[in-house]
Amino acid sequence: MWRTGRVFGAAAAFYGALAALVLLGVRDVLFQYEENRCSMTYMFEYPEYLKIKLPRKISRRYPAYELYLYGEGSYAEENRNLILTGIPVLFLPGNAGSYKQVRSFGSIALRKAEDIDYKYHFDVFSVNFNEELVALYGGSLQRQTRFVHECIKVILKLYKGQVFAPRSVTVVGHSMGGLIARALLTLKNFKTELLNILVTQATPHIAPVMPLDQYLTDFYTAVNHNWIQKAQEIRNLTTLSVAGGFRDYQVRSGLAFLPKLDHQSSALSVVSSAVPRVWASTDHLSVVWCKELILATVRAFLDLIDENTKQITEDPHKRMLILNHHFLRHPAKLFEDISESVIELTGSLTWIQIKAPKWSYTVHNESDGKYFTFPLSSHRKSYSHVYCQSSMLDTNSWIYGCINGTSSIKITLYLLQFTLDCEFFNETSRTLQLPVTQLFTFGRFNSLHLTNVKYFLILIIVVTIFYGSATSNSLKGLYSSMHFHLLLPERKPNVYRLHIPWSHEDSLTLSQVPSSTEISAKLHIAQPENDTTVPLLTIYSSSDCQYEVSKICQKVIRFYGGALPVYIISNILLAYGRQLRSLISTGQCSDFVPALTKAAKPYKVEPIVNIIKFLLGLNWFKGIWNLLFLPELDVVTLSNQDLCFPFISLILFMFGTGIAYWGGMLLDSSIRLSSFLYLVLIRPLLRVHLHNWTTCGALAIIITYFHYIFKNLKHLHISCTIFFSFKREDRTSSSSTTAMDSFADSLKMHTTVINLLTWIVLLSCPSLIYWLKNLRYHSRLDPDPYRSVALVLIAILEILMNTSTTKVKSSKLLKIAVHLPLPCSVAVVAFAPMHLYRIPYFVIIPLFLHALCCIL
């Protein structure tokens, strides 16, 4: 009893610590959630969706899909006969997305057309994909791609006979809709000239968020491989990918960056927080209605129109110039194809020479402009930069600027009344480098209060954040962030700009006073190899601004949460192996929780995976590996992407142990509680016809799953009946003890099997939901990712549910079966993080041998 209490006390302390780590991950999700700074878009007239009649052949082939034309008010009335004269834009919704999500873009495009008296206008089409779950079930991705190809041909036919008939279509794709648009290039009969501009919104281009079936991963492989192989053929297609930033908890921005080669110059990836005049992070749904982002997109589309053809320009170089103008470096003026020439200033000028390093100048401007020239010859040796901020006294707004020191600086201001504050400084005097601290320095703060700066402060902080490529004192691959807590006095507004030199993911924060501001310096993608640049956080603030810097390691759940099922299953398999081993050593099956506590050791799994990973770096071992036709280890692929390293795998293993621990306790308690209600709620169970695996594999798995549970509830009820009957008679007899032990051992083993089955059911649910949603169109799921799994699993479970551990203990195969769970546990960690659909196969292997033990 003392030993048992000590074991469970240690387990409680251990899993309590794991629960604390999980809560830290939850805190990271909840309390670091950024504020939504996007404005809502509104329709001023009732939106209408005109269904486009498709050819009968297409309608029969794709009965669940439709094509619509968006319209409002008079525009919708004028185009009911489909006599179209505009520029075609096709919107593709994403996972479970509605075709009605086009209304934000369509409405703003119509309003902009009204502003220019319909000199140009867009005809905005939208595809109805029946809100299919294509991010979780990849069997319909090819079908959607082929339907979009047919829609493009139908749309272009609508313009036949028009004076300025388009020859291509502009596509805007949200989420998986953007991937469908890129997949058009994989079709054999698709002509690349049918597309001119492709804009994707929060699209996971690199890899699926949850790779739950092979069709999904194969689709991604084909699209990305084709994208790289046909780089020269698609050079006339201009592609823009806009990621949502850290508010998008469904698709992290690192997945939304387009695969790009060095010679590809027609693709641009940017985070919405870096887009000029947007400067806001969007969640996965608000990216389609964020007014600032939609305005930037429509403005870019209007600038892309060729005045001669009245359609999108066919010049790919000009397209990229326009997209760079609106999405990267907006100079606060309209786009001009020809760069502005230098204009000599004429007229009377006011010249002010300043020798002091700081000064302030207030003036009431009565002329058209006020010009200032500041000679820097006397300060060139000691100062390299000049910083100027100007306040318009009539509007109480501010202008900031920082200029590299030259021989002189000329500033032109067209303001009625303003104050100009300027200061010379050397960049090194205002630069702080904040290195990465050790991992578990949660809450360690660096505080600094800068003084002796008379007017204002520009502080450039060299932020050493690690993501993948690491410095000597950091841990490779662990996503870290630095939080800046700034206490702003009652003075001037403050501007903070985080610049990431190797990607377009900058962020700009404007803070009013008095306030307390939190700034997070976080990265979306890893630093490229051989890149020595560092992120910079530039603070334009008052001199008495106080700030604290905390450096913490977080975002583990965001970046690695999809791999948690792998580590949970790995732990359950280890506990399952421990239970089988206890049948040999003691003749009795141990409970799941004590078995997990003893068996869930990371050193049983992680070293083996790392050894195989190391050996794969040797040519001779790689050759043997290829001869055996074994797939590449997922951990190798993740390591190449700087997304996997031993320490993060250890953290995930601990998370998986904790979830398996509490999940096992909850499952065991649920089964025991349900047994008391068995006679009341459950009638004699009719034999289930399990031929449903031919209709939908996931349906057959779920039916078998519940059949298995009900069977065990019945066994538990019988064991309780036997227990009480023996208690009334003679509980100490050998027959009663043997019967009770047999029922108890069987129930413990069945509970672990149910635990494994629960995760298989969860992984197969998306395909079942897809089948139920499309049942009126197709009675059979095709393709079915779980058909073969269901067939094997049904046969195994039919054997397991009708046998007890007594037969298992007497089987000669038990000594072989006891060694299988450990290699399967290792295989899950090695092969399944990027291919979750492989998990059921690694679970079936030990269960199959367990079933053989029951009959041999």
Side-chain angles (χ1 to χ4, degrees), residues 15 22 136 210 212-213 561-580 589 591-593 595-596 599-600 652 655-675 678 682 688 690 692-693 696-716 746-769 785-786 789-790 792-794 796-798 800-801 821 824-825 828-829 832 836-848 850-851:
Y15 294 109
V22 173
L136 303 177
M210 292 291 289
L212 294 179
D213 62 62
L564 269 179
V566 169
Y567 293 89
I568 297 171
I569 294 293
S570 178
N571 277 279
I572 298 175
L573 285 173
L574 290 176
Y576 174 61
R578 181 72 184 185
Q579 288 180 306
L580 291 176
C589 181
D591 286 321
F592 173 79
V593 171
L596 178 67
L652 292 175
F655 277 157
T657 307
I659 295 174
Y661 177 89
W662 293 109
M665 291 188 65
L666 179 63
L667 181 64
D668 183 68
S669 301
S670 300
I671 291 177
R672 294 180 185 277
L673 179 62
S674 301
S675 66
Y678 181 78
I682 305 297
V688 182
L690 298 177
N692 292 309
W693 70 272
C696 177
L699 176 64
I701 290 174
I702 291 178
I703 292 176
T704 309
Y705 173 74
F706 284 108
H707 185 198
Y708 194 91
I709 291 177
F710 291 152
K711 194 84 170 181
N712 282 280
L713 289 177
K714 183 178 180 181
H715 285 316
L716 182 61
S746 299
L747 185 61
K748 293 172 185 177
M749 189 61 69
H750 288 318
T751 302
T752 302
V753 173
I754 292 173
N755 202 348
L756 289 170
L757 291 178
T758 302
W759 288 98
I760 296 180
V761 168
L762 292 176
L763 293 174
S764 65
C765 273
S767 61
L768 175 65
I769 297 172
Y786 286 93
V789 174
V792 178
L793 201 58
I794 289 171
I796 292 174
L797 296 181
E798 281 292 332
L800 293 180
M801 73 176 64
C824 289
S825 176
V828 167
V829 175
L836 295 179
Y837 60 87
R838 293 174 178 170
I839 290 179
Y841 298 100
F842 295 119
V843 173
I844 283 176
I845 293 173
L847 290 181
F848 175 73
H850 186 175

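Atom set for the values below is all heavy atoms of this structure, side chains included, hydrogens, waters and symmetry mates excluded.
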Q: Measure the CE-SG distance between Met749 and Cys589 for me, rounded to the nearest 0.5 Å.
A: 3.5 Å

Q.
Please find the pair of heavy atoms, one from Gly656 and one from Asn571, that lie closest to each other, and give the distance.
A. C-ND2, 3.6 Å

**Q.** From Lys748 atom NZ to Gln579 atom CD, the distance as rounded to the nearest 0.5 Å
**A.** 8.5 Å

(Q) In the structure I gave you, are the side-chain heavy atoms of Val828 and Tyr567 within less than 4.5 Å of one another anywhere? (A) no

Q) Rounded to the nearest 0.5 Å, what separation is found between the CZ atom of Phe842 and the CG atom of Leu847? A) 14.0 Å

Q) For the residue pair Ser767 and Ala698, what are the closest heavy atoms and their distance? A) OG-CB, 3.4 Å

Q: Drop me the distance from Ile844's CD1 to His850's NE2, to the nearest 0.5 angstrom.
A: 15.0 Å

Q: Identify the residue among Phe592, Phe710, Tyr708 that makes a ring-ring contact (aromatic ring centres under 6.0 Å, His included) with His750.
A: Tyr708

Q. Looking only at heavy atoms, what is the nearest atom pair of Ile796 and Ala851, with distance?
A. CG2-CB, 4.0 Å

Q: Give a yes or no on whether the backbone of Leu763 and the side-chain of Tyr786 come within a donor-acceptor separation of less than 3.5 Å.
A: yes

Q) Would you call Trp759 and Ile572 a side-chain contact if the rule is heavy atoms closer than 4.5 Å? A) yes

Q) Yes or no on side chain to side chain contact (heavy atoms under 4.5 Å, CB included) for Tyr705 and Ile754, after CA distance, side-chain angles and deciding distance? A) CA-CA 8 Å; Tyr705 173 74; Ile754 292 173; 4.0 Å; yes

Q | Leu652 vs Leu564 side-chain heavy atoms within contact, under 4.5 Å | A | yes

Q: With the side chain counted from C-beta on, respond yes when Leu666 and Trp662 share a heavy-atom pair under 4.5 Å apart, and no when they do not.
A: no

Q. Where is the tightest heavy-atom contact between Gly577 and Pro821, given as atom of each residue plus distance?
A. CA-CG, 3.5 Å

Q. Do the side chain of Ser764 and the main chain of Ile760 share a donor and acceptor less than 3.5 angstrom apart?
A. yes

Q: Please name the pair of heavy atoms, one in Ala600 and one in Thr657, separated by the smallest distance, quoted to 0.1 Å.
A: CB-CG2, 3.8 Å

Q) Do the non-hydrogen side-chain atoms of Leu800 and Leu797 ever get within less than 4.5 Å of each other? A) yes

Q | From CD1 (Ile569) to SG (Cys824), nearest 0.5 Å | A | 11.5 Å

(Q) Between Val843 and Leu757, is there a side-chain heavy-atom distance shorter than 4.5 Å? (A) no

Q: Any chance you could lay out the side chain to side chain contact (heavy atoms under 4.5 Å, CB included) test for Val789 and Tyr837, step after step, and finish with the verdict?
A: CA-CA 10 Å; Val789 174; Tyr837 60 87; over 6 Å; no

(Q) Rounded at 0.5 Å granularity, tell me how far CG in Leu756 sits from CG in Leu793. (A) 10.0 Å

Q: Can you see which heavy atom on Ala660 is nearest to which on Leu596, and at what distance?
A: C-CD2, 3.8 Å

Q) Should we say atom CZ of Phe848 is surrounded by more than 12 heavy atoms from elsewhere, each under 6.0 Å from it? A) no

Q. Hey, are the side chains of Glu798 and Thr704 touching, using non-hydrogen atoms and a 4.5 Å cut-off?
A. no

Q. Going by heavy atoms in the side chains, are Asn755 and Thr751 under 4.5 Å from each other?
A. no

